[in-house]
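These notes concern the structure reproduced below.
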2 protein chains.
Amino acid sequence: MKSSRTAKLELRMLEKSPDLKTHQWVYQLLRNNLLCGRIEPGKALTIRGLAGELDVSPMPIREALHRLACEGAVEVKDNRRVIVPAMTAAKFNELCDLRILLETHAAAKALPYIKERDIDRLELLDKQIDAAIVVGNIEEISLINQDFHRSLYRTNPAQVSVPLIESLWLQLGPFSRIAISKLEKAYLVDRHQEAIAALKQKDAKALKQAIEADIRDGIASINSIEGIHDYFHSNN
Amino acid sequence: MKSSRTAKLELRMLEKSPDLKTHQWVYQLLRNNLLCGRIEPGKALTIRGLAGELDVSPMPIREALHRLACEGAVEVKDNRRVIVPAMTAAKFNELCDLRILLETHAAAKALPYIKERDIDRLELLDKQIDAAIVVGNIEEISLINQDFHRSLYRTNPAQVSVPLIESLWLQLGPFSRIAISKLEKAYLVDRHQEAIAALKQKDAKALKQAIEADIRDGIASINSIEGIHDYFHSNN
DNA sequence: ACGCGAGCAATGTGATCACAATGTTCCGAT
DNA sequence: ATCGGAACATTGTGATCACATTGCTCGCGT
């Protein structure tokens with residue numbers, strides 16, 4: 001079995017805009033690659049390795065990795081090795097439960113602040129997702145889908161839950177990719193239309209149901225995959 | 001009005017055990033001081049200033065501050081100034097709602113794993129809190145109280161919500177201290193006894209009610225303070 | 001041939017330095 | 001006296017280096 005620990009990682013690059021600090025650029029780059037599953041669980045990341053890969057000094061890599069660690073995206077072992085944590089069945093269920101709990105809450109709290117303009121943006125994002133589904137660009141789907149949810153929750157100006165939710169995404173990201181890559185065809189469906197309809201009607205209950213259904217559908221499609229349980233680690 | 005931005009900060013020190021990395025020591029030290037409200041909202045923190053204060057190089061301070069920033073404990077302004085964010089009324093409510101949402105969930109998820117040993121530990125912590133209340137050591141109360149909650153939630157081995165909850169505590173900490181310091185006497189009461197009773201009876205519903213009541217009591221005592229609203233900032 | 005220990009390579013940490021950007025102060029022009 | 005700008009001080013960032021610890025490999029002894 002080829003060890004994924006040492007496998008060469010092929011990062012999806014990201015143009016570095018000059019107003020972005022180097023460590024922010026590294027963070028966003030690694031984050032995107034984790035979210036769309038480009039970096040597999042168990043993969044070991046080294047500061048100097050990434051520094052050479054991205055052609056920057058080790059310093060910004062350190063900061064980015066530490067931030068990812070405190071968001072739960074990577075784990076710093078006692079050996080000081082930094083790895084993408086493996087997924088446990090119990091942990092997966094716990095993360096999904098928390099997603100539903102936090103995201104339905106965040107959606108309901110955002111509802112009163114939704115303006116016409118926000119709905120337009122959400123509909124645009126939904127169309128972009130559909131387009132990405134047609135061409136089967138899974139990484140694109142994943143990133144835009146998160147944009148959809150984030151845009152919704154962030155319309156609440158006093159919102160503090162999005163960072164927590166993003167932490168959950170980061171922890172689910174690497175594993176989800178493995179799961180989705182096992183899917184034959186993108187029979188990916190989402191409940192975004194139902195969510196948008198609920199937004200237009202200012203119906204909090206329907207909105208929460210749509211969000212919960214959207215999340216549960218994703219979980220269900222993962223659970224339906226043949227042999228998915230082999231990808232869970234039994235011990236920590 | 002004396003600006004708290006430039007006021008000298010008197011940190012509660014923490015002995016540095018040798019097996020602890022310097023940046024971890026700095027992090028825990030700053031974290032404790034934030035949690036018990038020793039560092040007030042609006043306070044500006046500088047890397048070099050803290051480095052001189054704690055007599056370490058700026059490097060570990062940088063890492064600790066960045067970690068605190070990603071947990072929401074401090075905010076990095078676009079000027080690159082790092083400050084303890086001011087509290088908004090809406091934000092305060094949102095944080096409290098999330099505490100109830102997440103902590104009742106975490107408590108219920110922990111319930112099946114509770115052993116006799118865990119209950120003993122919780123009872124010990126509750127006694128320590130009572131002792132701290134008697135002598136009126138508010139900082140001690142705050143820290144042990146968090147230990148109580150953390151110990152409860154962490155008995156769930158697959159638990160992933162504690163980091164999220166701690167982030168909420170960190171954001172509420174500096175403000176709560178201002179509020180509690182306004183309290184004449186520590187008429188502080190907690191619902192820990194009710195929670196422990198629910199644990200013994202394996203009663204999830206009663207446990208969630210106890211946790212929610214415990215949190216709500218804290219909020220109520222803050223809201224009851226005369227002129228507390230003057231401490232909320234209206235704009236961001 | 002197998003196990004084990006020494007030496008080497010690689011890693012994270014922390015310190016120091018250079019630099020660009022920002023904040024502050026103080027003096028002069030109006 | 002007030003406003004504005006220039007000079008200075010302070011800050012965060014990133015690069016480089018030294019060091020202790022860990023992982024790994026090669027070779028010696030049985």
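Numbers restart at 1 for each chain; the letters A, B, ... are given by sequence-line order, proteins then strands.
Toward the 5' end of DNA chain D, the nearer of the two residues Met59(A) and Asp78(A), judged by each one's closest nucleotide, is Met59(A).
Taking atom CD of residue Glu75(A) and atom P of nucleotide dG12(C), one finds them 15 Å apart after rounding to whole Å. Between the CG atom of Leu54(A) and the C1' atom of dA15(D) there is a distance of 16 Å, rounded to whole Å. Between the C1' atom of dA21(C) and the NZ atom of Lys77(B) lies a distance of 18 Å, rounded to the nearest Å. Rounded to a whole Å, the CG atom of Leu20(B) is 15 Å from the C1' atom of dG12(C). Going from atom CD1 of Ile83(A) over to atom P of dG12(C) covers 13 Å, rounded to whole Å.
Between Ser57(B) and dA15(C) there is a side-chain N or O to OP1 or OP2 distance below 4.0 Å.
No side-chain heavy atom of Glu40(A) sits under 4.5 Å from any side-chain heavy atom of Val84(A).
Listed by first and then second residue, the disulfide (SG to SG under 2.5 Å) pairs that reach into residues 38-71 of chain B are Cys70(A)-Cys70(B), sequence neighbours excluded.
Ion pairing of Asp118(B) with Lys115(B) is absent here, as no side-chain N (NZ or NE/NH1/NH2) approaches a carboxylate O to less than 4.0 Å. Ionic pairing of Asp120(B) and Arg117(B) is not present here: no N-O contact between side-chain nitrogen and carboxylate oxygen is shorter than 4.0 angstrom.
Side-chain contact check for Gln159(B) and Tyr153(B): no donor-acceptor pair (N or O, by modelled atom type) lies under 3.5 Å.
Between His23(A) and His66(A), the distance separating the two ring centers is not shorter than 6.0 angstrom.
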### Query
How does each nucleotide of nucleotides 7-13 of chain D score, in 5' to 3' order, for protein heavy atoms under 4.0 Å: base (B), sugar-phosphate only (S), or none (-)?
----BBB
